[in-house]
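If you're wondering where the values come from, they're calculated on a predicted model, not measured in any experiment. Numbers restart at 1 for each chain; the letters A, B, ... are given by sequence-line order, proteins then strands.
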Amino acid sequence: MLRPNVPPPPHYYADNLTRLLDTVARQYSDILDTPELARLEQVRGLGVDALRLYARLLTRRGPLLRADTLGYREVADTTAALARLAEAELINRNPAVPGDRVLARLTLPEIRAAFPELPAGCRGLRKAALVAATAARYPEPVLRSRLAGVCAWLLLTDPDWLTAMRILFFGDLRQDFSTFVLEDLGVVRYEPYPLDPKRRLFANRTELARYLELLRIKGEVRRLHQSWHEHQLLSHVEHLWHPESNRLLERQRGRLLNEIGREAERHCAFDLALTAYGRADREPGRERRVRILHRLGDRDGVSQVLKAIEGAPHSAGEQHFARQFAARAGLAPKRGQRIVELQLRLAAPPADLEAAALTAWLRNGGVGAHLENRFPLGLLGLAFWDIVFMPVPGMFTHPYQSAPLDLYWPDFRQTRATAIARRFDELRRNHVEDALRVRLRETYRAKYGVSNALMAWSKFPAGFLEQVLRAVPRGHLLAMFDFMLDDLHQTRTGFPDLVLCFGPGSYRLVEVKGPGDQLRREQRLWFELFARVGIPASVLRVTW
DNA sequence: TTCACCGTAG
DNA sequence: TTCACACAGTCTA
DNA sequence: GACTGTGTGTCTCTACGGTGAAAG
Ligand SMILES: [Mn+2]
Ligand SMILES: [Mn+2]
């Protein structure tokens with residue numbers, strides 16, 4: 001077991017690296033290309049010291065590193081280890097890196113010492129400006145030799161290789177080696193679900209290559225946010241033209257197209273925006289198309305897209321939009337039901353609006369919390385814990401997931417339809433004791449602290465759960481669960497700010513609004529559910 | 001001199 | 001780096 | 001009143017030391 005600030009076993013980080021690479025090799029060796037396999041072999045062939053050092057380097061910010069920051073106790077001979085890594089071409093010493101990037105890694109005193117001839121005018125400059133000025137003033141060879149004089153430098157070669165390994169192991173780039181450490185520390189605990197190594201994220205090289213390609217395009221698009229180049233974005237759209245059969249890829253593709261569409265819209269490149277949104281089979285593509293077409297005065301286009309939405313809405317939100325847009329443009333300017341607002345007047349402008357509203361409301365007793373979506377999501381997570389983690393083929397690909405891959409996919413419920421229906425039956429049962437309360441309490445106790453995308457443990461103390469179980473009727477909770485499971489992507493947003501519990505059967509949900517804040521669409525959808533089911537909920541308008 | 005922020009470790 | 005939310009500014013009915 | 005663009009908090013945790021940029 002690992003402890004914070006206590007040195008781990010000498011081979012600890014090396015073992016983590018080996019474990020990740022071995023897993024990837026075992027599962028995916030048939031779809032790795034020759035250079036990837038070669039590098040895998042290079043790493044495996046390293047000696048103890050070099051492997052330990054390399055494992056450390058891969059946890060660093062990189063790819064450019066100062067060689068005078070490599071004092072690791074578990075590496076006996078750092079110089080020799082570096083030589084070995086260079087021999088294996090895993091690092092590059094004296095790399096040809098643009099002078100300013102290297103310069104930026106020096107401290108201000110180091111820059112002044114290495115470039116004493118800099119005019120006094122450079123004295124008060126901010127670091128970024130000083131780096132730029134220095135890089136501009138000296139020719140590249142001079143820069144390089146002086147920088148080499150400060151300390152030795154090294155460059156991790158082929159960072160894309162590690163990217164590929166991480167994607168194959170974790171499925172995305174959100175997690176890295178620190179995942180292992182946090183688990184070994186006990187900071188994060190993961191649900192022990194079964195894994196099937198035959199179920200893979202990528203079936204063949206083409207899919208993996210395509211994922212890496214999408215990642216590259218995403219980087220390019222991000223870069224293009226700085227400066228507007230319509231033809232380059234159009235070229236990216238053309239490379240995203242066709243739907244992907246792999247759902248991971250298809251989601252990425254849709255997101256990218258919507259991002260490009262939004263960027264084009266910002267620059268009033270409406271043709272490009274319409275094209276990008278049009279290729280994205282994903283919200284909010286069609287809504288954006290309607291708004292743009294409306295702005296361009298294309299009534300036929302508008303009604304065509306609206307009809308498509310009505311025919312097969314991606315979500316309740318999209319449907320809501322289509323109805324409302326059609327109504328507003330047409331003859332019946334039917335207003336959405338008005339929601340009555342309560343008023344609260346504060347003596348002074350509050351630092352934390354929701355907190356101020358909470359204390360004001362609880363002045364006469366009761367308990368409450370500012371949880372927003374974490375409230376219904378957390379309860380849902382407790383009630384359906386085992387179903388969320390049930391071994392649906394392909395939805396768990398490594399031991400460090402806090403949810404199945406498809407948690408927010410539209411067919412999450414359908415995939416688990418039988419289990420979910422059975423769970424609802426069970427939770428409604430009331431023979432001996434209230435089944436819902438028993439399950440929530442028991443799951444909370446048994447799973448406390450285990451990582452679950454639906455449950456924010458730190459914001460959800462046990463005492464609060466008890467208050468909730470006393471105050472909120474079972475039918476209300478079940479109605480919310482049912483509502484959410486139909487579309488977790490949509491319903492993970494818009495839940496009211498506050499939950500207030502007053503006593504047995506008595507509670508209220510409150511959305512706090514400052515002076516110039518209106519209910520958003522997702523919030524309206526929740527309030528519509530509350531009205532249908534009879535859940536006590538209010539909008540509280542706060543002024544001061 | 002103080003303080004916020006970043007990179008790193010575990 | 002993602003995501004949901006609030007806020008401020010603009011345009012329209 | 002609706003819509004858009006932008007800022008903010010939080011982010012899987014916590015602690016620490018160095019650094020840079022502001023205040024004094
Ligand atoms: Mn809120
Ligand atoms: Mn609010």
Side-chain angles (χ1 to χ4, degrees), chain A residues 1-9 12-13 16 55-62 65-66 69-74 104-111 124-131 172-190 215 218-219 222 255 259 262-263 265-268 284 287-288 290-292 294-295 321 324-325 328-329 333 335-336 338 352-354 370-374 377 400-403 408 449-453 455-459 489-497 511-524 542:
Chain A
M1 178 57 74
L2 221 51
R3 307 185 59 184
N5 301 318
V6 175
Y12 175 73
Y13 292 103
N16 287 346
R56 288 284 201 165
L57 297 187
L58 292 183
T59 69
R60 298 282 297 271
R61 189 103 195 317
L65 296 171
R66 292 180 63 141
T69 60
L70 306 179
Y72 297 112
R73 74 184 69 221
E74 74 271 21
R105 304 297 293 273
L106 298 186
T107 66
L108 289 173
E110 282 173 333
I111 296 179
L125 287 180
R126 296 251 268 270
K127 182 167 183 181
L130 179 63
V131 165
D172 57 42
L173 289 178
R174 278 184 287 244
Q175 286 173 292
D176 56 25
F177 288 115
S178 69
T179 301
F180 298 141
V181 178
L182 291 177
E183 208 229 0
D184 290 333
L185 283 168
V187 170
V188 183
R189 285 154 58 212
Y190 291 94
L215 223 50
K218 179 162 139 190
R222 291 283 154 84
R255 286 167 176 272
E259 190 173 332
R262 184 167 164 274
E263 189 66 9
E265 206 181 343
R266 262 166 43 96
H267 288 88
C268 298
E287 175 179 341
R288 298 316 314 165
V290 168
R291 295 195 188 281
I292 294 171
H294 177 71
R295 218 163 126 185
F321 159 77
Q324 191 193 295
F325 196 95
R328 187 151 37 86
R335 299 241 23 79
R338 262 197 102 72
D352 181 339
L353 188 59
E354 287 83 3
H370 176 206
L371 289 173
E372 297 186 339
N373 309 296
R374 286 179 291 238
L377 289 174
Y400 306 100
Q401 293 179 224
S402 42
Y408 295 119
V450 177
S451 180
N452 182 325
M455 180 41 119
W457 291 109
S458 62
K459 315 274 177 154
H489 180 71
Q490 169 93 50
T491 51
R492 85 214 255 211
T493 77
F495 198 86
D497 294 309
E511 170 56 36
V512 182
K513 288 296 180 196
D517 192 8
Q518 294 294 317
L519 277 186
R520 300 193 317 281
R521 181 205 300 164
E522 313 85 76
Q523 296 176 325
R524 286 185 179 280
V542 183

Of all heavy-atom pairs between A/Asn16 and A/Phe177, which one has the smallest distance, and what is that distance?
O-CE2, 4.1 Å
Select from A/Arg492 and A/Gly516 the residue whose nearest nucleotide in DNA chain C is closer to the 5' end of that strand.
A/Arg492
Interatomic distance at P, D/dT6 relative to B/dG7, whole Å:
26 Å
side-chain hydrogen bond (donor to acceptor under 3.5 Å, both in side chains) with A/Arg291: which residues, sequence neighbours excluded?
A/Glu287
The criterion is ring pair (Phe, Tyr, Trp, His ring centres under 6.0 Å); which residues satisfy it with A/His294, sequence neighbours excluded?
A/Phe325
Using the P atoms only, state how far D/dC16 lies from C/dT1, rounded to an integer number of Å.
28 Å
Taking 4.0 angstrom as the limit, do A/Lys513 and A/Glu511 come out as a salt bridge?
yes
With a non-hydrogen cut-off below 4.0 angstrom, is A/Glu287 in contact with a base, only sugar-phosphate, or nothing?
nothing
Are the side chain of A/Gln523 and the backbone N or O of A/Arg520 linked by a donor-acceptor pair below 3.5 Å?
yes
Once you apply a heavy-atom cut-off of 4.0 Å, does A/Gln523 come out as touching a base, just sugar-phosphate, or nothing?
sugar-phosphate
What are the bounds, 5' to 3', of the part of DNA chain C that sits under 4.0 Å from heavy atoms of chain A?
C/dT2 to C/dC7
Can you sort out the partners of A/Arg288 under side-chain hydrogen bond (donor to acceptor under 3.5 Å, both in side chains), two or more places apart, ordered by chain and number?
A/Glu265
Which residues share a ring pair (Phe, Tyr, Trp, His ring centres under 6.0 Å) with A/Tyr408, sequence neighbours left out:
none
Who pairs with A/Tyr72 by ring pair (Phe, Tyr, Trp, His ring centres under 6.0 Å), at least two apart in sequence or on another chain?
none
A/Arg56 atom CZ, over 12 foreign heavy atoms within 6.0 Å:
yes
For nucleotides 5-10 of chain B, 5' to 3', base contacts (B), sugar-phosphate-only contacts (S) and non-contacts (-) with protein non-hydrogen atoms under 4.0 Å give --SSSB
Restricting to side-chain contact (heavy atoms from CB on, under 4.5 Å), what partner residues turn up for A/Val512, sequence neighbours left out?
A/Leu353, A/Glu354, A/Ala357, A/Asp497, A/Leu498, A/Val510, A/Val542
Residues which pass side-chain hydrogen bond (donor to acceptor under 3.5 Å, both in side chains) with A/Thr59, listed by chain and number, not counting sequence neighbours
none
Test side-chain hydrogen bond (donor to acceptor under 3.5 Å, both in side chains) applied to A/Arg222 - qualifying residues, sequence neighbours left out:
A/Glu259
Could you pull out the closest heavy-atom pair between A/Leu65 and A/Gly62, with the gap in Å?
CD2-N, 3.8 Å
A/Arg291 side-chain N/O to D/dT4 phosphate OP1/OP2 under 4.0 Å:
yes
Roughly how far apart, to the nearest Å, are D/dT12 and B/dA4 at atom P?
23 Å
Once you apply a heavy-atom cut-off of 4.0 Å, does A/Arg255 come out as touching a base, just sugar-phosphate, or nothing?
sugar-phosphate
Just to confirm, is there a sub-4.0 Å distance from OP1 or OP2 of D/dC11 to any side-chain nitrogen or oxygen of A/Arg174?
no
How is A/Ser451 classified with respect to the nucleic acid when contacts are heavy atoms under 4.0 Å: base, sugar-phosphate, or nothing?
nothing
Ignoring backbone atoms, establish whether A/Arg189 has a side-chain N or O less than 4.0 Å from OP1 or OP2 of D/dT12.
no
With sugar-phosphate meaning primed atoms plus P, OP1 and OP2, does A/Gln518 contact a base, only sugar-phosphate, or nothing at under 4.0 Å between heavy atoms?
nothing
Check: A/Arg105 main-chain N/O paired with A/Arg66 side-chain donor or acceptor under 3.5 Å:
yes
Any base atoms under 4.0 Å from A/Asp497, or only sugar-phosphate, or nothing? Heavy atoms, all strands.
sugar-phosphate
What interatomic distance, in whole Å, is found between P of D/dG24 and the corresponding atom of D/dG20?
22 Å
Toss me the dot-bracket line for DNA chain C: Watson-Crick and G-U wobble, both under 3.5 Å, 5' to 3', using | for pairs to another strand and [ ] for crossers.
..|||||||||..
Counting primed atoms, P, OP1 and OP2 as sugar-phosphate and everything else as base, the B/S/- map of nucleotides 19-24 of chain D against protein heavy atoms under 4.0 Å is SSSS--
